[in-house]
Structure formats: structure tokens, C-alpha cells
Peer 1: 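The structure follows.
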Amino acid sequence: MSECIIERDKKKILGFSAICLLFLFFSIRLTGGVIKPEQTTLSIVLLLLGGAITIFFVVCLAVLIWQLFSNRPGIVLDQTGFTVCTSRCLKGKKIPWSDVKEIGEHDMMGTKLLGVMLNEPEKYLLNAGMKSNYKECGTPVAFASNNLKIDFRTLMRIFSDFHNRYGNNELPHR
């Protein structure tokens, strides 16, 4: 097992896109019917809230559509490290096994995240998403398996196997 490629699950991404479209439709409906000649504070609040929700779901939908048509795999693990292509935070950055201290599990609002504890986490605080991960999970490198073709337990097992095998920075003898 010198390389493992974990593909994105296009059906899950399509399902998330449909849910996003539904929420987008309701947020547009929320903003569409509140402008009246006698604007009250409530109608202005609903307009601002609906606008913010609409913008949020437009951005989510754009990311999902990008993932739907992307041919890049979700995650690639090999002897030297791993690359996560599903996370906008990591942006396809390869993380060497020599930088990994341990693999852990985190729970964020009911979603299980695989957390990669790093020897020097400060080195990976490259953007707001990674800083948020660091604050919430104790590591800048944390991601879910939601849009992958494997479940979370399998993802944890694969990462643990690769870390145990290659994490000591020595390649196995052949």
C-alpha cells in the first residue's frame, strides 16, 4: 500500500447541492416579499437576514458545483505524506508524514472531523479556515468525510495505517 486515492462521492455532492438549492430558494422567498411602502424594523431585519442567507448559499452552491465538476481526487495518501483536495482551507497542499504527530477524531456540531495533529501547527496557519480549525480542534488540519466515497471510520483507519507505516519518516525496507 504505497499510494491510496480516495475519490469524491459525486452523488453526495449532488445531494448537498440539491439541499443548498432548496435553502437558496427559501432565502430568496424570504427577501422577496418583505419590501413594502411602510418598511418596519422587522421587514428590514428580514431583508438583511434573507440577503445574508442568500449570499451564504450562493457561495456554498458555487463550491459544490466546482467539486461536482472537478476531476481531482478527494484525498491522496502516499509514502511521503497526504494531500486533501476536498478542503478549501488546505487548497491541495501536501502535508508530509514527518510533520504529523498523531491522527485524532473531533466532533464539530455533530459532524465528525479527522484531525491531524502536527508537530508545528503554526507553520500551517495559512488562512482563516485553518486558523478556525486550530481554534476549534487544536489543529489547522481537520476535515470531514462527507463528500468522499468512504465513511469516517474507514477514513480514520486508512490515515492511521499510513501514519503508523510512514510517520517515522523512514520508508519501509523492500
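Numbers here are sequence positions counted from 1.
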Peer 1: Any salt bridge (charged side-chain N to carboxylate O under 4.0 Å, His left out) involving residues 119-130? Give me the pairs, sequence neighbours left out, ordered by first then second residue.
Peer 2: Asp99-Lys123
Peer 1: Between side-chain atoms of residues 134-142 and protein atoms elsewhere (two or more places apart, or another chain), which donor-acceptor pairs fall under 3.5 Å?
Peer 2:
{"residue": "Thr139", "atom": "OG1", "partner": "Val116", "partner atom": "O", "Å": "2.4"}
{"residue": "Thr139", "atom": "OG1", "partner": "Val141", "partner atom": "N", "Å": "3.3"}

Peer 1: Considering residues at least two apart in sequence or located in another chain, which fulfil the side chain to side chain donor-acceptor pair (under 3.5 Å) criterion with Thr83?
Peer 2: none
Peer 1: Only counting residues at least two apart or in another chain, list the ones meeting salt bridge (charged side-chain N to carboxylate O under 4.0 Å, His left out) with Lys101.
Peer 2: none
Peer 1: So how far is it from Arg8 CZ to Asn71 CG, rounded to the nearest 0.5 Å?
Peer 2: 9.5 Å
Peer 1: Can you give me every donor-acceptor pair (side chain of residues 9-23, partner residue at least two apart or in another chain, under 3.5 Å) with its distance?
Peer 2:
{"residue": "Asp9", "atom": "OD1", "partner": "Lys11", "partner atom": "N", "Å": "3.1"}
{"residue": "Asp9", "atom": "OD1", "partner": "Lys12", "partner atom": "N", "Å": "3.4"}
{"residue": "Lys10", "atom": "NZ", "partner": "Gln67", "partner atom": "O", "Å": "3.2"}
{"residue": "Lys10", "atom": "NZ", "partner": "Leu68", "partner atom": "O", "Å": "2.8"}
{"residue": "Lys10", "atom": "NZ", "partner": "Ser70", "partner atom": "O", "Å": "2.6"}
{"residue": "Lys12", "atom": "NZ", "partner": "Leu148", "partner atom": "O", "Å": "3.0"}
{"residue": "Ser17", "atom": "OG", "partner": "Ile13", "partner atom": "O", "Å": "2.9"}

Peer 1: Keeping to residues at least two apart or across chains, list the side-chain hydrogen bond (donor to acceptor under 3.5 Å, both in side chains) pairs with something in residues 52-61.
Peer 2: Ser27-Thr54
Peer 1: Could you pull out all residues at least two apart from Asp151 that satisfy side chain to side chain donor-acceptor pair (under 3.5 Å)?
Peer 2: Thr154
Peer 1: Once the angle between the rings of Trp97 and Phe159 is folded into 0 to 90°, is it parallel (under 30°), tilted (30 to 60°) or perpendicular (over 60°)?
Peer 2: perpendicular
Peer 1: What distance do Phe82 atom CZ and Lys93 atom NZ have between them, rounded to the nearest 0.5 Å?
Peer 2: 10.5 Å
Peer 1: Show me the pairs that pass salt bridge (charged side-chain N to carboxylate O under 4.0 Å, His left out) and involve residues 42-52, at least two apart or across chains.
Peer 2: none
Peer 1: Share the residues that join Ile5 in a hydrophobic cluster, the rule being Ile, Leu, Val, Met, Phe, Trp or Tyr side chains under 4.5 Å apart at the heavy-atom level.
Peer 2: Val76
Peer 1: According to side chain to side chain donor-acceptor pair (under 3.5 Å), who are the partners of Arg153, at least two apart in sequence or on a separate chain?
Peer 2: Glu105
Peer 1: Please collect all salt bridge (charged side-chain N to carboxylate O under 4.0 Å, His left out) contacts where either partner lies in residues 52-72, sequence neighbours excluded, each pair once.
Peer 2: none
Peer 1: Quick test of your reading: applying salt bridge (charged side-chain N to carboxylate O under 4.0 Å, His left out), list the pairs with at least one residue in residues 74-83, sequence neighbours left out, ordered by first then second residue.
Peer 2: Asp78-Lys94
Peer 1: Using side chain to side chain contact (heavy atoms under 4.5 Å, CB included), reason through Phe143 and Leu114 one step at a time and then give a plain yes or no.
Peer 2: CA-CA 5 Å; Phe143 49 90; Leu114 185 143; 3.7 Å; yes
